[in-house]
Number of protein chains: 2
Amino acid sequence: MVQKNKKPPVTKIDAPVPPKRRGRPRAYEPDVALGKALDLFRKDGFAATSLDDLSAATGMNRPSLYGAFGDKRELFIKSYRRYREDARVAMGNVFRDELPIRKRLERIYAVALDIYLSGESGPRGCFTVMTAASEAVHDPDIRAMVLEGFVELDKAFAACFRRAKEKGELPESADAIVLAQLASATIHTIAIRARARMPRKELEAIVNGAIDVMVGTAR
Amino acid sequence: MVQKNKKPPVTKIDAPVPPKRRGRPRAYEPDVALGKALDLFRKDGFAATSLDDLSAATGMNRPSLYGAFGDKRELFIKSYRRYREDARVAMGNVFRDELPIRKRLERIYAVALDIYLSGESGPRGCFTVMTAASEAVHDPDIRAMVLEGFVELDKAFAACFRRAKEKGELPESADAIVLAQLASATIHTIAIRARARMPRKELEAIVNGAIDVMVGTAR
DNA sequence: TATTTTTTTGTACCATTTCGCAATAAATTC
DNA sequence: GAATTTATTGCGAAATGGTACAAAAAAATA
């Protein structure tokens with residue numbers, strides 16, 4: 001529904017080039033299976049998601065799951081990595097587009113809201129904020145990923161604001177770092193509030209208010 | 001350490017007045033038991049906290065737990081309510097104190113950081129943001145409490161900013177609602193980042209930057 | 001003082017779920 | 001057919017949420 005962009009790839013760019021694996025062929029596609037696992041973890045969190053749930057959702061039985069992705073924790077980490085990659089792809093373009101700063105921020109938050117509000121049974125918020133951060137206290141590896149996620153977002157926003165200053169859209173006195181942290185904070189607050197089913201309209205109002213403060217009311 | 005205010009109540013105002021309960025006396029104090037349960041839920045979340053863990057932490061065996069607080073979900077809700085009450089007490093005074101707006105915000109965030117960074121085995125963040133919001137998708141009652149929590153915080157901040165405008169500390173053009181949402185967003189971002197063990201110094205830097213943007217750089 | 005009532009505790013249990021794995025069967029290439 | 005890779009079944013030990021039931025401790029009553 002969304003990927004109608006780009007010219008229709010007549011020939012798939014990176015055709016899987018089936019390398020003639022030996023042995024019984026897999027009955028699942030690891031990528032889609034991981035996607036299903038991610039959906040579950042996003043919805044229920046780590047502890048409340050059982051291997052049986054994951055097995056049912058992916059269509060793989062437990063031993064296959066285990067063989068393909070390792071134990072539950074590894075599967076969780078791989079799901080989280082996948083989430084981050086997806087998010088990077090979704091937001092990357094918007095972050096790079098050379099739009100006026102206000103427009104750019106609006107687009108970024110719109111994409112974020114799309115991610116946070118998606119979900120069959122209610123909005124799921126942000127994996128980093130909701131689920132991964134919970135595990136972060138106990139698991140150093142996850143904690144490192146989460147921290148890195150925060151830094152990555154801060155940096156991306158900071159680059160936006162620096163660019164805006166260069167283009168004269170922001171006064172020289174503006175502090176790109178501080179603005180970036182505010183922009184991240186706004187991402188975080190809408191992620192959490194989305195999870196509590198705050199309506200999109202209200203979330204957008206918060207976003208608009210924040211943008212006003214960050215780049216000025218002038219449109 | 002904090003409640004040295006009010007004259008020392010020579011006679012305890014509401015002395016428990018042991019009302020001669022019949023039957024075998026309780027071997028626990030419900031209040032402290034609930035506190036222990038809250039600690040566990042804050043640390044591990046709902047699903048990862050077992051009744052055995054709760055039983056061990058509170059010193060009550062499972063049937064007693066059940067009799068005193070109901071099933072696990074009820075205990076969770078009561079723990080969350082308790083958390084909110086505690087937080088209200090801790091922050092309420094600071095919110096009400098008639099300090100200059102900057103000082104007031106600094107104090108508020110300092111108290112918040114104290115709450116978020118506490119915990120024997122690592123900082124636990126904010127119950128509302130971390131744990132309760134996770135359950136909010138599935139549980140309408142918890143969701144209502146969480147949403148109410150957001151609103152309550154927004155309102156408290158908004159009152160601060162309105163007061164500051166009245167006192168001429170902020171320009172008439174300042175939008176108290178928008179500023180309040182930014183202030184809440186800052187609370188949320190430090191709550192999450194604390195959970196990922198971001199050092200207090202960095203969190204304070206974020207807070208200071210946010211305050212600068214909200215009330216101006218002038219000290 | 002002895003007995004009854006009331007309330008809580010402690011032990012034990014149950015049905016279910018959970019994670020992980022071993023053993024075996026199936027499908028494919030060499 | 002042999003080798004290799006995956007799928008399926010099903011086991012098992014532990015943990016989970018919840019509860020039944022008797023023993024214990026106190027007040028109320030006789």
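In what follows, chains are A, B, ... by sequence order, proteins preceding strands, each numbered from 1. Not measured: the values here are computed from a predicted model.
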side-chain contact (heavy atoms from CB on, under 4.5 Å) between B:Cys160 and B:Arg104, worked out: CA-CA 8 Å; B:Cys160 281; B:Arg104 204 164 9 164; 3.8 Å; yes
Do any side-chain atoms of residues 150-157 of chain A form donor-acceptor pairs under 3.5 angstrom with protein atoms, and if so which ones, sequence neighbours left out?
from	atom 1	to	atom 2	distance (Å)
A:Glu152	OE1	A:Arg84	NH2	3.4
A:Glu152	OE1	A:Arg88	NH1	2.9
A:Glu152	OE2	A:Arg88	NH1	2.8
A:Asp154	OD1	A:Ser184	OG	2.6
A:Asp154	OD1	B:Arg193	NH2	3.1
A:Asp154	OD2	B:Arg193	NH2	2.2

For DNA chain D, the residues among residues 68-83 of chain B that have a non-hydrogen atom under 4.0 Å from it: B:Asp71, B:Lys72
Of residues 49-66 of chain A, the positions that come close to DNA chain D - non-hydrogen atoms, cut-off under 4.0 Å: A:Asn61, A:Arg62, A:Pro63, A:Ser64
Side-chain touch A:Tyr116/A:Pro123, heavy atoms, less than 4.5 angstrom: no
CZ/A:Arg107: more than 12 non-hydrogen atoms of other groups inside 6.0 Å: no
Partner residues of A:Phe46 under the ring pair (Phe, Tyr, Trp, His ring centres under 6.0 Å) criterion, sequence neighbours left out: A:Phe76
First-last contacting nucleotides on DNA chain D - partner chain B, under 4.0 angstrom, heavy atom: D:dT16 to D:dA28
Contact check, side chains of B:Glu135 and B:Arg73, non-hydrogen atoms, under 4.5 Å: no
Stretch residues 24-38 of chain A: residues that reach within less than 4.0 Å of DNA chain C through a heavy atom: A:Arg24, A:Pro25
Main-chain N/O of A:Thr186 paired to A:Thr189 side chain as donor or acceptor, under 3.5 Å: no
Backbone of A:Arg124 reached by a side-chain donor or acceptor of A:Arg195 within 3.5 Å: yes
Residue A:Glu29 excluded, over 12 heavy atoms near CD under 6.0 Å: no
A:Lys78 atom NZ, over 12 foreign heavy atoms within 6.0 Å: yes
Option from A:Leu182, A:Asp212, A:Ile206 for which side chain to side chain contact (heavy atoms under 4.5 Å, CB included) with B:Leu182 holds: A:Leu182
Pair B:Phe41 + B:Phe127: ring centers closer than 6.0 Å: no
